[in-house]
Amino acid sequence: MAEGRLYITTPIYYVNDQPHIGHTYTTVLADVLARYHRLFGYEVKFMTGTDEHGQKVQQSALARGLSPQQQCDEYSQRFKEMWSLFEIVYDRFIRTTEEDHKRTVQALLQKLYDQGDIFKHTYTGWYNVSDEMFISESDVTEEGKQSGRIIQVSEENYFFRLSKYQDWLARYINEENPDFIQPESRRNEVLGLLRQPVNDLCISRPKSRLSWGIEMPFDPDYVTYVWVDALINYISGIGWPDSPEFSYWWPDALHLIGKDILKPHGFFWPILLHAAGVGLPKKLLAHGWWTRGGQKEAKTVTKALAAQAPVRHIREMAADYGVGSIRYFLIREMTPGMDQDYSEEMIVTRLNSDLANDLGNLVSRVTKLVRQNFNSQVPAEKDCETDPRGQELIALANGLSDQVRTHAIDLKPNLAVDALIRYVRSLNVYLTECEPWSRVKQGDLGKRQAAFCLVVALKGLYRVAVLLHPVMPRKMEALLASLGCSIEKDGLNGQFLARDFPEAGTTVPGGDPLFPRIDWKAIEQKIQALSPIAPEQPKGKAGNDASLISIDQFRQLDLRVAEVLEAEKVPKADKLLKLKIRIGEEVRQIVAGVAEFYRPEEMIGKKIIVVANLEPAAIRGLESRGMLLAAREGNQLTLLTLENQSIASGSKVS
RNA sequence: GGCGGCGUAGCUCAGACGGUUAGAGCGGGGGUUUCAUAAGCCCUAGGUCAGUGGUUCGAGUCCACUCGCCGCUACCA
């Protein structure tokens with residue numbers, strides 16, 4: 001009799017990226033939750049996969065002389081290999097280029113079209129090529145226009161009537177299903193979005209511009225675009241609309257996502273489902289980011305950060321510390337929903353403390369004591385002299401199952417792991433109090449007391465190994481084997497929970513240390529010895545001469561030295577400063593978005609570079625005639641100022 | 001600026017239906033054991049629970065305000 005069903009998903013990962021710690025965390029978390037649910041009697045279907053359509057895939061395939069499908073096959077395979085390495089067992093790996101997925105997408109589009117939720121509309125506006133998104137006037141940057149990244153387009157496209165269902169979703173989340181989006185802070189964020197006017201969702205691209213996509217069933221000149229392709233995987237993967245599989249698993253669904261994709265999953269996706277007449281998934285869990293020094297880990301890490309603590313790929317860390325240990329760290333250290341800062345030293349500290357010192361060492365001492373003093377045999381009950389603390393620990397071990405189940409089903413595997421390690425510590429304390437190594441030398445009674453003490457530890461370790469198996473499958477299988485419990489790879493099931501292991505007479509084979517202590521100093525030296533951080537490669541497309549400009553084009557810019565005379569904050573704007581500047585004899589006002597980085601009084605007297613011949617604009621109702629130059633990286637910004645303060649304002653810059 | 005959240009020991013964080021001496025892990029300091037992976041175990045941090053002012057017999061725990069930080073959003077020529 002099943003406890004219930006769980007259809008658990010990760011986002012499908014875009015095939016333009018290598019798997020990194022973010023992908024890995026989401027997928028490991030899904031795997032761990034799936035395994036816990038199975039262990040506790042749930043029927044589980046776990047799906048992950050890859051998102052394979054879109055402009056960026058088309059472009060990189062082209063650049064590499066491959067077909068888009070070849071590009072997808074290659075990258076998709078990388079994800080599969082990564083998940084295999086990380087001991088992840090999914091029930092389906094879906095790819096959006098698969099036929100059944102395409103059919104589902106088209107069926108859904110047709111349904112929405114037939115009922116009038118999709119309409120055609122001419123849109124004129126700015127388009128960000130690299131993000132594949134239409135953007136608002138305010139997101140247009142000069143730099144973007146210059147580089148050709150932002151272009152103005154006017155084209156007909158299909159739109160989905162998102163706004164029609166906005167109020168419905170707000171009610172659904174706010175009143176009827178307050179648990180739908182977790183954690184609560186993310187739920188509030190979606191409610192915030194829903195309170196504002198929304199634009200209908202553009203869901204197509206003309207084939208003339210993007211051919212790598214799923215054709216609109218009602219218009220062969222168009223393909224559909226990210227939302228009504230990738231998101232649909234969650235239902236196409238279980239056979240919507242006709243397969244009995246679909247009604248079997250839906251809506252017992254849990255979508256795991258990173259907080260960066262909350263909007264499509266918490267806003268667009270529920271509305272698409274509702275419009276299509278499909279019920280919503282039970283839960284959406286948005287977890288936080290792994291950060292380093294407070295910054296989201298990006299593909300290009302700033303040099304400064306890299307210099308003090310070189311960043312190694314999670315795969316390299318797994319090679320040094322073991323896959324199970326990395327899985328343990330990921331699960332133990334992050335509270336789902338919160339960001340978590342980490343460094344490699346933190347990882348080593350955690351692993352040494354919890355796994356090597358507490359758990360691994362306990363296994364060693366217990367198995368060796370049994371082997372040396374009891375001929376590797378688990379003592380029989382009649383040969384044991386019980387003690388109250390030991391009996392209490394056995395009872396606690398049995399209670400661990402409930403504790404772990406509660407936490408796991410509450411989607412807090414970090415707490416489950418914490419409870420297990422606490423228990424391990426209590427076993428270490430018990431051994432120290434009981435001193436079986438002394439008692440065995442103290443005659444028959446002493447030996448019987450030692451026997452019981454070791455039986456308690458063995459029972460406890462068995463329980464811990466079974467309950468920690470979802471987190472570290474291979475490692476816990478090895479631990480069980482060292483206790484004399486043979487188990488096939490991924491062969492754990494609920495019966496192991498019910499079992500009272502070990503029985504008297506079981507042979508305890510022991511084994512090599514499960515979690516060898518990690519020498520951080522050695523690892524640190526190894527990391528330091530790595531090749532110096534390579535300078536960042538410009539991201540521009542290879543051979544893209546269109547991004548070059550002529551000297552004449554450059555000369556069109558009138559760059560001038562200007563002196564800041566006055567500066568003050570613009571009311572009701574966090575990022576704006578109103579500046580009065582002098583260019584030669586001329587005094588003019590500009591508005592600049594630097595208030596986060598410079599206080600008004602810091603600005604006064606500075607000699608800066610401005611673009612003097614920029615057409616005037618009104619920002620927040622204030623006239624701005626010109627633009628100052630500043631360098632920006634991540635969340636740092638610095639003004640271009642003059643080294644030689646004696647250069648006169650108004651001087652030309654070239 | 002709007003909405004939401006956070007600010008607790010050196011570090012990472014628990015705790016907050018208001019009620020005895022505010023907790024854990026890690027690190028640091030001291031001690032102890034030898035079964036064990038130089039691991040274990042014991043003791044040790046005296047921290048204005050961001051600040052101020054309230055409510056209350058009594059407030060990290062409720063309210064208001066201030067400061068700092070974060071997220072979403074607006075603005076960033």
Side-chain angles (χ1 to χ4, degrees), chain A residues 136-143 145 183-193 195-196 259-260 262-263 266 286 288-289 291 294 332-335 338-343 345-346 349-350 352-373 414-415 418 421-422 424-425 427-441 450 453-454 457 510 512-519 569-577 590-597 610-611 614-628 630 632 637:
Chain A
S136 66
E137 190 74 23
S138 57
D139 289 325
V140 175
T141 60
E142 208 55 40
E143 175 274 324
K145 280 198 278 185
E184 201 181 332
S185 53
R186 299 297 152 203
R187 170 177 170 263
N188 288 336
E189 235 175 85
V190 173
L191 286 172
L193 288 172
R195 261 183 252 115
Q196 298 175 318
K259 65 179 185 178
D260 48 326
L262 179 66
K263 191 169 174 179
W289 289 333
T291 62
R332 170 64 183 80
E333 206 72 6
M334 182 176 274
T335 301
M338 309 234 281
D339 285 356
Q340 178 62 51
D341 209 61
Y342 80 103
S343 67
E345 189 172 6
M346 281 171 64
T349 302
R350 179 106 252 160
N352 276 341
S353 168
D354 289 6
L355 298 184
N357 296 352
D358 290 344
L359 178 56
N361 185 45
L362 177 64
V363 173
S364 290
R365 54 200 308 214
V366 170
T367 54
K368 282 195 183 162
L369 282 164
V370 173
R371 294 176 56 177
Q372 283 163 10
N373 300 293
N414 54 316
L415 297 183
D418 186 58
I421 290 297
R422 278 175 198 283
V424 166
R425 288 202 195 98
L427 285 180
N428 269 323
V429 172
Y430 175 61
L431 276 198
T432 304
E433 286 168 351
C434 188
E435 293 187 45
W437 51 89
S438 310
R439 299 216 186 222
V440 290
K441 296 169 192 158
C453 176
L454 293 175
D512 292 333
L514 260 185
F515 300 103
R517 220 181 134 71
I518 301 160
D519 181 351
K569 285 213 59 168
V570 175
K572 302 191 173 190
D574 295 344
K575 302 187 181 176
L576 299 183
L577 285 186
I590 66 172
V591 177
V594 295
E596 289 176 294
F597 310 99
V610 297
V611 183
L614 195 64
E615 63 182 350
I619 302 165
R620 278 263 153 190
L622 299 167
E623 186 191 40
S624 181
R625 296 176 56 219
M627 176 176 91
L628 58 73
R632 182 171 197 138
L637 178 143

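Excluded from the calculations below are hydrogen atoms, water molecules and symmetry mates; all remaining heavy atoms, backbone and side chain alike, are included. Since the structure is predicted, the reported quantities are computational estimates derived from the model, not experimental observations. Note on naming: letters A, B, ... go to the chains in the order of the sequence lines (proteins, then strands), and numbering restarts at 1 for each one.
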Under 4.0 Å, heavy atom to any atom of RNA chain B: which of residues 431-439 of chain A qualify? A:Thr432, A:Trp437
Nucleotide nearest A:Lys441 (side chain, heavy atoms from C-beta), chosen from B:C41, B:C72, B:C35: B:C35
What distance separates A:Arg422 CZ from A:Leu427 CG, expressed to the nearest 0.5 Å? 14.5 Å
Separation of the C1' atoms in B:G46 and B:A36, to the nearest angstrom: 35 Å
Between atom CG of A:Asn352 and atom OG1 of A:Thr349, what is the distance when rounded to the nearest 0.5 Å? 7.0 Å
Nearest heavy-atom pair of A:Glu189 and A:Leu262: which atoms, and what distance? OE1-CD2, 3.6 Å
Once pairs are restricted to Watson-Crick or G-U wobble with both distances under 3.5 Å, how does RNA chain B read as a dot-bracket string, [ ] for crossings and | for other-strand pairs? (((((((..((((.....[...)))).(((((.......))))).....(((((..]....))))))))))))....
Checking A:Thr367 side chain against A:Val363 main chain: does a donor-acceptor pair fall under 3.5 Å? yes
Starting the side chain at C-beta, find the nucleotide from B:U37, B:G25, B:C72 nearest to A:Leu193. B:C72
Using nucleotides 3-6 of chain B, report all nitrogen or oxygen pairs with the protein that are shorter than 3.5 Å.
unit_1: B:G4; atom_1: O2'; unit_2: A:Asn188; atom_2: ND2; d: 3.4

Listed partners of A:Asp339 passing side-chain hydrogen bond (donor to acceptor under 3.5 Å, both in side chains), at least two apart: A:Lys259
Which whole-number value in Å describes the distance from A:Asn373 CG to B:C35 P? 10 Å
Closest approach of A:Trp437 to A:Leu431 (non-hydrogen atoms, all atoms of both residues): CH2-O, 3.4 Å
Nearest-Å distance, CZ (A:Arg350) to C1' (B:G25)? 6 Å
Whole Å only: how far is the CG atom of A:Asp358 from the C1' atom of B:A39? 9 Å
Taking OP1 and OP2 of B:G40, is either one under 4.0 Å from a side-chain nitrogen or oxygen of A:Asn357? yes
Taking the side chain of A:Glu189 as its heavy atoms from C-beta onward, which of B:U37, B:C41, B:C72 lies nearest to it? B:C72
Using the P atom in both, what is the distance from B:U21 to B:G47, to the nearest Å? 16 Å
Integer angstrom distance from the P of B:G5 to that of B:U44: 38 Å
Give the rounded distance in Å between these two atoms: CZ of A:Arg187 and C1' of B:C72. 15 Å
Pairwise distance CZ(A:Arg371) to CG(A:Leu454) - rounded to 0.5 angstrom: 13.5 Å
What residues form a side chain to side chain contact (heavy atoms under 4.5 Å, CB included) with A:Arg332, not counting sequence neighbours? A:Tyr328, A:Arg350, A:Asp354, A:Val417, A:Asp418
When the distance from CG of A:Asp418 to P of B:A24 is rounded to whole Å, what number comes out? 13 Å
Determine the Euclidean distance between corresponding P atoms of B:G7 and B:C11; express it in Å to zero decimal places. 15 Å
Pairwise salt bridge (Lys or Arg N to Asp or Glu O under 4.0 Å) hits with a residue in residues 355-369 of chain A, at least two apart: A:Asp358-A:Arg425
Is the base of B:G28 syn or anti, if syn means a glycosidic angle within 90° of 0? anti
With P as the reference atom in both, quote the distance from B:G27 to B:U12 in angstrom, rounded to an integer. 15 Å
Please measure how far the C1' atom in B:A45 lies from the corresponding atom in B:C3, and state the result in whole Å. 40 Å
In whole Å, what separates the P atom of B:C70 from that of B:C13? 15 Å
Considering all heavy atoms, the nearest A:Val366-A:Ala457 contact: CG2-CB, 3.7 Å
A:Val440 and A:Leu369, any side-chain heavy atoms less than 4.5 Å apart: no
Sequence-distant partners of A:Asn357, side-chain hydrogen bond (donor to acceptor under 3.5 Å, both in side chains), two or more places apart: A:Arg517
Rounded distance (Å) that lies between atom P of B:U33 and atom CG of A:Leu369: 18 Å
Applying a 4.0 Å non-hydrogen cut-off, can you work out what A:Leu514 is touching in the nucleic acid: base, sugar-phosphate, or nothing? base
One should read off an interatomic distance between A:Glu345 CD and A:Ile518 CD1, to the nearest 0.5 angstrom, of 12.0 Å
Among the nucleotides B:U37, B:G71, B:C35, whichever has the atom closest to the side chain of A:Arg365 is B:C35
Between B:G23 and B:C63, how far apart are the two C1' atoms, rounded to whole Å? 27 Å
Report the residues that fulfil side chain to side chain contact (heavy atoms under 4.5 Å, CB included) with A:Leu415, sequence neighbours left out, ordered by chain and then residue number. A:His407, A:Lys412
Among B:U37, B:C26, B:C72, which is the nearest nucleotide to the side chain of A:Thr349? B:C26
When the distance from CG of A:Asn361 to P of B:U34 is rounded to whole Å, what number comes out? 16 Å
Can you measure A:Glu345 atom CD to B:G25 atom P for me and round it to whole angstrom units? 20 Å
Smallest separation among heavy atoms of A:Ala286 and A:Pro183, with atom names: O-CD, 3.3 Å
Quick one, give me the B/S/- string for nucleotides 8-13 of chain B, reading 5' to 3', where B means a protein heavy atom under 4.0 Å from the base and S means that only happens at the primed atoms, P, OP1 or OP2. ------
Does a side-chain N or O from A:Lys259 land closer than 4.0 Å to OP1 or OP2 of B:C72, or not? no
A:Ser438: partners by side chain to side chain contact (heavy atoms under 4.5 Å, CB included), with sequence neighbours left out: A:Glu435, A:Gln442
